[in-house]
There are 2 protein chains.
Amino acid sequence: MANKIRIGIAGYGNLGRGVEAAVTRSADMDLVGIFTRRPPADIKPASGVSVHALDTIERFRDEIDVLILCGGSKSDLPEQGPALAAQFSTVDSFDTHNKIPEYFAAVDQAAAAGGNIAIISVGWDPGLFSLNRLYGEAVLPEGQTYTFWGKGISQGHSDAIRRVPGVKAGVQYTIPTEAAIERVRGGELPELTTREKHRRECYVVLEEGADAAAVEQAIVSMPDYFADYDTTVNFISEDELRRDHAGMPHGGFVIRSGKTSAEHSQVIEYALRLDSNPGFTASVLVAYARAAYRLRQQGETGAKTVFDIAPGLLSPKSAAELRKELL
Amino acid sequence: MANKIRIGIAGYGNLGRGVEAAVTRSADMDLVGIFTRRPPADIKPASGVSVHALDTIERFRDEIDVLILCGGSKSDLPEQGPALAAQFSTVDSFDTHNKIPEYFAAVDQAAAAGGNIAIISVGWDPGLFSLNRLYGEAVLPEGQTYTFWGKGISQGHSDAIRRVPGVKAGVQYTIPTEAAIERVRGGELPELTTREKHRRECYVVLEEGADAAAVEQAIVSMPDYFADYDTTVNFISEDELRRDHAGMPHGGFVIRSGKTSAEHSQVIEYALRLDSNPGFTASVLVAYARAAYRLRQQGETGAKTVFDIAPGLLSPKSAAELRKELL
């Protein structure tokens, strides 16, 4: 085997821990270090790898082939993405869909100037779901693409619940509507309203003395977040929240339904059922780190997305092995 | 828009007709002609495009950007693939899995020598299913990949039935076993026998005076084709065969089930439900013809597979449009 790919991790939350686990299990990769804005001594990584202050990362430019960015899309990545792509080849999971064009432009400029590759918006949505939207549309140009999310926890909606006066803690599950999925699977190309596609299920711990009815009303009528959905609110204890809702399952479906002639419907369905959203996203990031390394070896620079990456670059196997074993 | 991509079709069976329909509906493509070994005057294409003898195709070298090969894998493509890739950039659906390495080598040599691109083994299996086997394994390296086919007609098994003495006509459906799929979806990583994964359903028209019991026994005990499966044989009339079994539906599932930590199972499922197998395969070929054209424009030559093709090359949209609309 050629030299191992030397990986750095920037940010050590759930996603960073998932990346650590995935890199540790990849025979063609070495984990160089974890970089954090917290005091490095506070972090005891599962792998035992060394931890450093993020603002000292410049010293590691010759020791890291690909830096995997594990910060959040809201405030971390818009700043870190371009700054770190100027110094390292990077992979990130930037997932604010409507800001992707401007994020791409900023990272592209920094990566190109630094002579690096930066693969942005990697994960499952954006990421594997995006790929399936693209493959579906390219293969069945006359048709319709449907994306359903869940069952899974939506961070944004859970945050919205917690801001309601009287709420001590809570989580929100996005649940795709089985009836809507069945209609799409049947090839009928339905027009689906927001309310028909997903419902929302909330598990809420009340502050002492809070008015349950008022809290429920505040949640179900909240514009943008809940008003357009069928929303159920369940009140539970703090113990129940910890015991039953600590996991981070997620998943969903991308379905492309189209016609290749007047009489022939064709349906493509891609589905994910994930016990751990960050664990899965981390695994996707690590596969694309392999591609980033190889593209850089081939002399490419600048920002890329999953659309630009030939699938074979993701596998540790050679092109000949892939043709023989997987084609 | 840039110049339209000029497409030729070599071979005009079910697949060739599907390609004709798909090209006609692609705004960025022009259909130049159909090339056949039959007398050209015998063919009246739906699109009205001109038909030529295949052995005159050399004269069209300056008029065709990508030639889509619609011959069979058994005897047509092993010969036509290399011969035509020497003269044209090509896309084909070579699907004899265990002969792919030698076919790739022969086509690669011819295409490279001719300064052409040749994308081989395009369709859904090999093709989109192969892609999902690769993406699944790359993202979840610790796990297992399961491919199920059907419900659909297997040409090879239908041919085998027809060779049984006493059989006048017949078709065979491969049917994936729901119970096996459910076990895989549940994340339990089962070891499945051949018999557990698929069953086989035959619809047979007997020759006059044939012994039904003997025919049934000959079918269900046939080694390689049926002996390892639960096979049911239904005797029907020629009219019923024509009325109920003239379609070419197919489909199947690629499921990757793996773990990203001791406690987290992750399941990726890709499913196709196709009213028309050749219509869908043709649509995939046409999308990859777009990629072949673009790669050739970029100066690339030689044989490629779906593993080598960046997804964005399949879409008529620009990279910026794809990032904005589909990522």
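Chain identifiers are assigned alphabetically (A, B, ...) following the order of the sequence lines, protein sequences preceding nucleic acid strands; residue numbering begins at 1 within each chain. Quantities reported herein were computed from a predicted structural model and do not represent experimental measurements. Scope of the values below: all heavy atoms of this structure, side chains included, with no hydrogens, waters or symmetry mates.
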Check each atom of A:F280 against the heavy atoms of chain B and say whether the ones under 4.5 Å are side chain, backbone, both or neither. both
What residue in A:V267, A:N132, A:L322 has the most heavy-atom pairs under 4.5 Å with chain B? A:V267
Evaluate the side-chain proximity of B:F307 to A:L326: yes if any heavy-atom separation is below 4.5 Å, no if none is. yes
With chain B, which of A:G312, A:A21, A:G187, A:S121 has the greatest number of heavy-atom pairs at distances under 4.5 Å? A:G312
Where do B:A138 and A:A287 come nearest, in terms of heavy atoms and distance? O-CB, 3.7 Å
Using heavy-atom distances under 4.5 Å, tell me whether A:Y135 contacts chain B through its side chain, its backbone, both, or neither. side chain
Sort A:V306 into side chain, backbone, both or neither according to what part of it lies under 4.5 angstrom from a heavy atom of chain B. both
Okay, A:L131 and chain B: the region with an atom under 4.5 Å from a heavy atom over there is side chain
For each of B:K317, B:K259, B:E269, B:R290, tally heavy-atom pairs with chain A at distances under 4.5 Å, and name the one with the top tally. B:E269
Select, from B:I100, B:L134, B:L128, the one with the greatest count of heavy-atom pairs under 4.5 Å involving chain A. B:L134
Hey, what do you get for CD (B:Q266) to CG (A:L272), rounding to the nearest 0.5 Å? 9.0 Å
Pick from A:V254, A:I268, A:D125, A:L314 with the largest number of heavy-atom pairs that fall under 4.5 Å of chain B: A:I268
Highest number of heavy-atom pairs under 4.5 Å with chain A among B:S26, B:P126, B:G247, B:P249 belongs to B:P126
Which answer fits B:F104, side chain, backbone, both or neither, if we ask what part of it has an atom under 4.5 Å from a heavy atom of chain A? side chain
For A:D95, which atoms come within 4.5 Å of any heavy atom of chain B: side chain, backbone, both, or neither? neither
I need the B:S130 OG to A:L327 CG distance, nearest 0.5 Å. 4.5 Å
When only pairs under 4.5 Å are counted, which of B:S261, B:A22, B:P311, B:S257 shares the most heavy-atom pairs with chain A? B:P311
Does B:R133 pair with A:E325 as a salt bridge, N-O distance under 4.0 Å? no
Residue B:E300 excluded, over 12 heavy atoms near CD under 6.0 Å: yes
Taking the side chain as everything from C-beta on, heavy atoms only, tell me whether B:R25 gets closer than 4.5 Å to A:T260. yes
Heavy-atom proximity to chain B below 4.5 Å, by part of A:H264: both
A:P101 versus chain B, the contacting section by heavy-atom distance below 4.5 Å: side chain
If I measure from the heavy atoms of chain B, does A:Y288 come under 4.5 Å with its side chain, its backbone, both, or neither? side chain
For A:T305, which atoms come within 4.5 Å of any heavy atom of chain B: side chain, backbone, both, or neither? side chain
For each of B:S265, B:P141, B:G18, tally heavy-atom pairs with chain A at distances under 4.5 Å, and name the one with the top tally. B:S265
In terms of heavy-atom proximity below 4.5 Å to chain B, should A:N98 be classed as side chain, backbone, both, or neither? neither
For chain B, which of A:R273, A:E142, A:R256, A:H97 has the most heavy-atom pairs under 4.5 Å? A:R273
So for A:L285, is it side chain, backbone, both, or neither that comes closer than 4.5 Å to the heavy atoms of chain B? neither
Measure distances from A:R185 to the heavy atoms of chain B and classify the residue's part below 4.5 Å as side chain, backbone, both or neither. both
Please round to the nearest 0.5 Å and tell me the distance separating atom CG of B:L140 and atom CG of A:L274. 8.5 Å
